[in-house]
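Notes follow once the structure below has been shown.
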Amino acid sequence: MTATTSDIEKAAGVLRAGGLVAFPTETVYGLGANAENPAAVARVFQVKGRPSSHPLIVHIADPRRLGDWVEEVPATARLLAERFWPGPLTLVLRRGRRVSREATGGMETVAVRVPGHPVALALLSAFGGGVAAPSANRFGSVSPTTAGHVRAELGDAVDFVLDGGPCDVGVESTIVDLTGDAPEVLRPGGVTREDLEAALGRPLAVPATSRIRVPGQHPSHYAPRARVILVEPEKVVAEAELAQELGHRVGVFLPPAFAGAPVKAHAVVELPASTSAYARGLYGFLRELDQRGCDLIVASLPEERGLGLAIANRLRRAAGPRPSD
Ligand code: TXA
Ligand code: MG
């Protein structure tokens, strides 16, 4: 069910009044507040249970208004904005005065993006200002990709939920930091590294993602309730069956190469062969296995090209040590 014009007007009114609106973007649902209202932004942190030092992304409707939110717009920012906005790219720049300190977690930089979703753009245009929004989930858990996920997780803590159907990309935006000597990818996401490199005409620094389960390196984030373990693709079935025999309720992310293989496990998700379909489904699959009562999820990493880089990054984080470890 897609939001109507009157839903959008109502949501814009809620933002103006200092309330919180969950809204669809092409990546995941966001939990939005007026970026210029410190009290509203403080409530976002409270509802999410997120430390206030973790900055939020400011969402705007019009790329030409980027200059309102940052100290200056460097040529690289202009180039990337022109090429990828509206779309799943977030740019980190030196902050302008307009954005509240609460939204940037006290940092001197600000993250800005123009989302590529008609409902998000309609909301931002109707509201007129910037909307500070993290993903609409509790801190550390899996991002929501449907309005139903938001309602299940945040319920009455949100003043209004705009429904725009399931998110098309399914993983969060790519974050590129433009405040250093060279652009740096802080989080792989919906815009691929390959597309960014082609636009920039040079290779990009991306944080090392090759180490698996090094304690303290990949604190758990984007995590379902069930534990996630990562194994080689050809070992997924054997490891899952072993864990099931040992008494776990095992959920399996079955790689496409093994489609149709019988697996003695509690629940099996047959992964789609296309990485864009995998990205779109990823968080829903994790939620589904939680809902089906799995306590362990056995998965493998996809090839780290295109959207596979973002999927692998989220799986590693989901498999990272939990706060209680
Ligand atoms: O696709 C997305 O980016 C979604 C949708 C709703 O737009 N938003 C999202 O927000 O994923 P969130 O808050 O869950 O993740 C934003 C990330 C956080 O890890 C935060 O630390 C980082 O962006 N971030 C925000 N501002 C930053 C800044 N000034 N410098 C470095 N990192 C920043
Ligand atoms: Mg998030």
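Atoms within each ligand, like the ligands themselves, are counted from 1 in listed order.
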Please identify which atoms of ligand 1 are closer than 4.0 Å to at least one heavy atom of Gly30. 6 (C)
Who gets closest to atom 10 (O) of ligand 1 by heavy atom: Ser135, Pro115, Gly32? Ser135
For atom 22 (C) of ligand 1, which of Val112, Ile175, Asp177, Asn137 has the closest heavy atom? Ile175
State whether a side-chain donor-acceptor pair under 3.5 Å links Ser143 with Glu172. yes
Considering only the protein, which heavy-atom contact is closest to [atom], and what is its distance?
atom                    : answer
atom 7 (O) of ligand 1  : His59 NE2, 2.7 Å
atom 24 (N) of ligand 1 : Pro55 CG, 3.8 Å
atom 19 (O) of ligand 1 : Arg187 NH1, 4.7 Å

Under 4.0 Å, heavy-atom basis, I'd like to know which part of [X] is in contact with ligand 1: side chain, backbone, both or neither.
X      : answer
Arg95  : neither
Thr27  : side chain
Val110 : backbone
Arg50  : side chain

If you measure from NE2 on His117 to CG on Leu124, what distance do you get to the nearest 0.5 Å?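 Answer rounded to 0.5 Å: 12.0 Å.
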Heavy-atom contact check, 4.0 Å cutoff: does Leu56 meet ligand 1? yes
Taking both backbone and side-chain atoms into account, decide whether Ser143 has an N/O/S atom under 2.8 Å from the Mg ion (ligand 2).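 So Ser143 does not bind the Mg ion (ligand 2) by this criterion.
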Hey, what's the ring geometry for Tyr222 with Tyr283, parallel, tilted or perpendicular (30° and 60° as the breaks)? parallel
Taking distance alone, with no angle check, do Glu172 and ligand 1 share an N/O pair under 3.5 Å?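 No, there is no polar N/O contact under 3.5 Å.
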